[in-house]
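Letters go in sequence order (proteins before strands), and every chain restarts at 1.
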Amino acid sequence: MTTHAIASDNHTYINQLSNHAGAEVVLKGWLYNMRSSGKILFPQLRDGTGVVQCVVLKNAISPELWEALKGLGQESSLVIRGTVRADSRAPGGYEIDVIDAEVLQQVHDYPITPKEHGTEFLMDHRHLWLRSRRQHAVLKVRHTVVQAVRNFLDNDGFTLCDSPIFTPAACEGTTTLFEVDYFDGEKAYLTQSGQLYNEATAAAFGKVYCFGPTFRAEKSKTRRHLTEFWMVEPEMAYATLDDVMNLSERMLSYIAAQVLEQRSEELKILERDTSKLESIVPPFPRIHYDDAVKFLHEGFEKGVLESKFEWGGDFGAPDETYISSQFKKPVMVSHYPAAVKAFYMARDPERPELALGVDVLAPEGYGEVIGGGERATSLEFLQEQIALHELPEEAFQWYLDLRRYGSIPHGGFGMGIERCTAWMCGIEHIRETIPFPRMLYRIRP
RNA sequence: UCCGCAGUAGCUCAAUGGCAGAGCAUUCGGCUGUUAACCGAAGGGUUGUAGGUUCGAGUCCUACCUGCGGAGCCA
C-alpha cells in the first residue's frame, strides 16, 4: 500500500464498524495501547469516535511492517487496512484483522500512561489528557448538554440574541470583575452575565437566550468554580416567577433525557448511576426560603450541620447540599431575602423584604445549577436600588429605558453548562467538563 | 484572603533520624488470543528551594515556592 493510496482512501470511523461487518475498511487514528504475544500483536486504535482492538499476525504481513508495528509507542499515528470481524472477546463487539498499515509517526515516551496520574500532572498535560477515554466521555456529554439546551430553547420559540463579552460596568456589582484596557484609557470588563442585555432583547423578541463564556474574578478554589465558564441565559417577556420555574424544570428534564438517550456509552465509561438521571422528571419540589431555613434548623438539631443557620443569609455549600439531600430530584428554592440577591430582582408584593428569585439546587451535592427569577418593573424602584447599591446610575441609563418604554413583568435564569455537565456525568470536579479550564491558579495550557 | 494536607526516578508511591526502593513508562530479549497482558534484563535520583538542629536529615525545625482539599462568594 503506497502512502498516497492509504492517505487518500475514504476511511471508516470506529463507531461505524457495525455497518461494515465482514468488509475491508481503512481506519485512521492513533495507537491507544498495545499488547503482544510472540507472533501476534493487539494494537488498540483510537480515532476520536471510539477505540477498537486490531489483530496483527506476523505471518500475515511483511517482515518490514511487522518490525515497524512491533516498536510503536502509545499515540503513534497510523492508518490501518483490515477486515471487520465480530468477536465476543472485543469490548466494542468488533475486531480488525490487519492486512496492511502505514505508520505516519512513531511515538515514544507519550507522557500519559495507562496507569494512574495526579491532578497537577494531568492538568499540565490537559492538551493530551483530552485523548483519554474518560475525558473524551465527559466532553461528549458536555456536547450533548449544549445541544440539548439549544434544541430545547429553539423548539420552544426562543431567539438566540447573544450579549457582549466586553461590558462597560458590572451587571450585578457584587462580584469581582476582570478588567481590560479598552481604547483611549477607557476600561472595559469581561461579562459576568448577559442578564441586563437579555432584558433589552426580550422586549424586542419576546423569548430570547444568550449563550457564551462568562468571567468571574472570584478567588474561589472549589470543585464547583471556574473563572471562565459557559452560561445559557433565557429571558421571557411577560413572565412571572412561576413561568421561570416551569421553564427551568422542563429544560433540565429535557437535558437529562437527551444525555441518557444519546450518551449511554459515555455514561457507562464514567460509571454513572443512570437511575439518578432517570429521576430528573417534572414536577420538581418547590420550597419557600422560609421552609429551606426550617430544614437547615432541623439539620443543625440532628447534628448534621455544624452551625445554626440564621434567617436572612444566603446558603453556603454545606447548606445547599443538606437541603438538596432531602430530595431525589432537583429542588427549587424561591423567595430569598432581597438583601442577598441582585438589585434588579422583583419583590414579593405581600412581603417586600423577599425577592422573587429562584435557585435550582441539583442533587448529590452539585449545588446551584440554575439561578434566576422575576425582574423588577418599576423605574423608581430600580433607581433607588442602583443608588442603594452605589452603582453608577449613568451606566444603567440604557437599562432604565427598558422601564421607561413599555415596562412589563419578565424573568429568566442562568444555567452554568459546566456545573450541569459535572452533574450529568457524576464527576467530582468541574475542571474536567471544559476542554481547557481556567481557574484561580491555572490558565495553562 | 483564611484553615488543613502534600512535594522522593518521566508517572504513581514506599523508605523507625542510619546503604535511595518498588510498580508502570522507556530500551533490549521471550511468548500465536492479550484485556491497565505476562516473564526476564538494562538504563534512570542535587529527595521543591534556602537556611538551621544533629556524629548523621528524604525523615526534625523555620521561611519561601508549587500543588491539592475546604471556607467565603457564586452558575
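- Look at the C1' atom in both G58(B) and A25(B): the space between them is 24 Å, to the nearest Å.
- Within 4.0 Å of Gln53(A), counting heavy atoms only, lies at least one base atom of the nucleic acid.
- Near RNA chain B, defined here as any heavy-atom distance below 4.0 Å, there are no residues from residues 124-135 of chain A.
- Among the protein residues, Met231(A) comes within range of the sugar-phosphate backbone only, with heavy atoms under 4.0 Å from sugar or phosphate atoms but none that close to a base.
- Looking at which nucleotide of RNA chain B each of Ser36(A) and Pro318(A) is closest to, the 5′-most match is held by Ser36(A).
- Of all the heavy atoms in Trp311(A) and Pro337(A), the pair that sits closest is CH2-CG, 4.0 Å.
- If you take OH of Tyr336(A) and P of A75(B), they are 10 Å apart, rounded to a whole angstrom.
- In this structure, the nucleotide among G72(B), C31(B), G69(B) sitting nearest to the side chain of Arg223(A) is G69(B).
- Between the C1' atom of C73(B) and the CZ atom of Phe215(A) lies a distance of 19 Å, rounded to the nearest Å.
- One finds the OH atom of Tyr289(A) at 8.5 Å from the CG atom of Leu296(A) (value rounded to the nearest 0.5 Å).
- Judged by atom type and distance alone, Arg419(A) reaches the base of C74(B) through a side-chain donor-acceptor pair under 3.5 Å.
- Atom-to-atom, CD1 of Ile430(A) to P of G70(B) comes out at 12 Å; the value is rounded to the nearest Å.
- Here the nucleotide nearest the side chain of Ile40(A), chosen from C68(B), G33(B), G72(B), is G33(B).
- G33(B) sits 49 Å from G70(B) when the C1' atoms are compared, rounded to a whole Å.
- Residue pairs satisfying the salt bridge (Lys or Arg N to Asp or Glu O under 4.0 Å) criterion with at least one member in residues 51-70 of chain A, sequence neighbours excluded, are listed as follows: Glu67(A)-Lys70(A).
- One P atom belongs to A36(B), the other to C64(B), and the distance between them is 46 Å to the nearest Å.
- Nearest heavy atom pair, residue Leu196(A) against residue Leu402(A), reads O-CD1, 4.3 Å.
- Backbone-only engagement by Gly316(A) is indicated by non-hydrogen atom pairs under 4.0 Å involving sugar-phosphate atoms exclusively.
- Between the OH atom of Tyr94(A) and the P atom of G33(B) there is a distance of 24 Å, given to the nearest Å.
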So which protein nitrogen or oxygen atoms get under 3.5 Å of nucleotides 1-3 of chain B's nitrogens or oxygens?
residue: U1(B); atom: O4; partner: Lys219(A); partner atom: O; Å: 3.4

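- Salt bridge absent: Lys207(A) and Asp154(A) never bring a charged side-chain N and a carboxylate O closer than 4.0 Å.
- Here Leu226(A) lies in heavy-atom contact (under 4.0 Å) with a base.
- Atoms CG and CZ, on Leu361(A) and Phe284(A) in that order, are 12.0 Å from each other to the nearest 0.5 Å.
- The CD1 atom of Ile14(A) sits 5.5 Å away from the CG atom of Leu27(A) when rounded to the nearest 0.5 Å.
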Pairs under 3.5 angstrom, nitrogen or oxygen only, protein versus nucleotides 5-12 of chain B, please.
residue: C11(B); atom: O2'; partner: Glu116(A); partner atom: O; Å: 3.2
residue: C11(B); atom: O2'; partner: His117(A); partner atom: ND1; Å: 2.5
residue: U12(B); atom: OP1; partner: Gly118(A); partner atom: N; Å: 2.8
residue: U12(B); atom: O4'; partner: Glu116(A); partner atom: O; Å: 3.3

Polar-atom pairs under 3.5 Å, protein N or O versus N or O of nucleotides 43-45 of chain B: list them with distances, or write none.
none

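- Taking the six-membered ring where the residue is Trp, Phe215(A) and Phe178(A) present perpendicular rings, their angle passing 60° and hence far from 30°.
- Taking the charged nitrogens against the carboxylate oxygens, Arg134(A) and Glu432(A) do have a contact shorter than 4.0 Å, which makes a salt bridge.
- Distance, Gln195(A) CD to C74(B) C1': 15 Å, rounded to whole Å.
- The side chain of Arg431(A) places an N or O atom within less than 4.0 Å of a non-bridging phosphate oxygen (OP1 or OP2) of G69(B).
- In this structure, NZ in Lys28(A) is found 9.5 Å from CD in Glu102(A), a value given to the nearest 0.5 Å.
- Taking the charged nitrogens against the carboxylate oxygens, Arg272(A) and Glu364(A) do have a contact shorter than 4.0 Å, which makes a salt bridge.
- Among Val52(A), Val51(A), Thr49(A), the single residue meeting the side chain to side chain contact (heavy atoms under 4.5 Å, CB included) criterion with Asn15(A) is Thr49(A).
- If you measure from atom CD of Gln44(A) to atom P of A36(B), you get 9 Å, rounded to the nearest angstrom.
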When Watson-Crick pairs (N1 to N3 and N6-O4 or O6-N4) and G-U wobble pairs (N1-O2 and O6-N3) count only below 3.5 Å on both distances, what is the dot-bracket string of RNA chain B, with | for other-strand pairs? (((((((..((((....[..)))).(((((.......))))).....(((((..]....))))))))))))....
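- Distance CZ (Phe178(A)) to C1' (C73(B)): 14 Å, rounded to an integer number of Å.
- If you find the closest nucleotide of RNA chain B to Lys70(A) and to Met34(A), the one lying nearer the 5' end belongs to Lys70(A).
- For the residue pair Ser193(A)/Glu233(A), the side-chain donor-acceptor check at 3.5 Å is satisfied.
- If you take atom P in G7(B) and the same atom in U12(B), they sit 12 Å apart, rounded to whole Å.
- On the P atoms, C55(B) is 26 Å away from A15(B), given to the nearest whole Å.
- Stacking between Phe42(A) and the base of G33(B) is absent under the criterion of ring centres within 5.5 Å and planes under 30 degrees.
- Here the SG-CE distance, from Cys420(A) to Met231(A), works out to 13.5 Å after rounding to the nearest 0.5 Å.
- Enclosure of atom CD in Gln147(A) by more than 12 non-hydrogen atoms of other residues, nucleotides or ligands within 6.0 angstrom is indicated.
- Contacts of Asp314(A) with the nucleic acid, taken as non-hydrogen atoms under 4.0 Å apart, involve only primed sugar atoms and P, OP1 or OP2.
- When heavy atoms are screened at a 4.0 angstrom cut-off, Glu233(A) is found touching no nucleic acid atom at all.
- Atom CD in Gln192(A) sits 7.5 Å away from atom CD in Glu218(A) (nearest 0.5 Å).
- By the 4.0 Å N-to-carboxylate-O rule, Arg46(A) lies close enough to Glu75(A) to be salt-bridged with it.
- In summary, Glu418(A) and Arg431(A) do not engage in a salt bridge, as defined by a charged side-chain N under 4.0 Å from a carboxylate O.
- The shortest distance between the side-chain N/O atoms of His225(A) and the OP1/OP2 oxygens of C73(B) is not below 4.0 Å.
- If you measure from atom CD1 of Ile96(A) to atom C1' of G33(B), you get 16 Å, rounded to the nearest angstrom.
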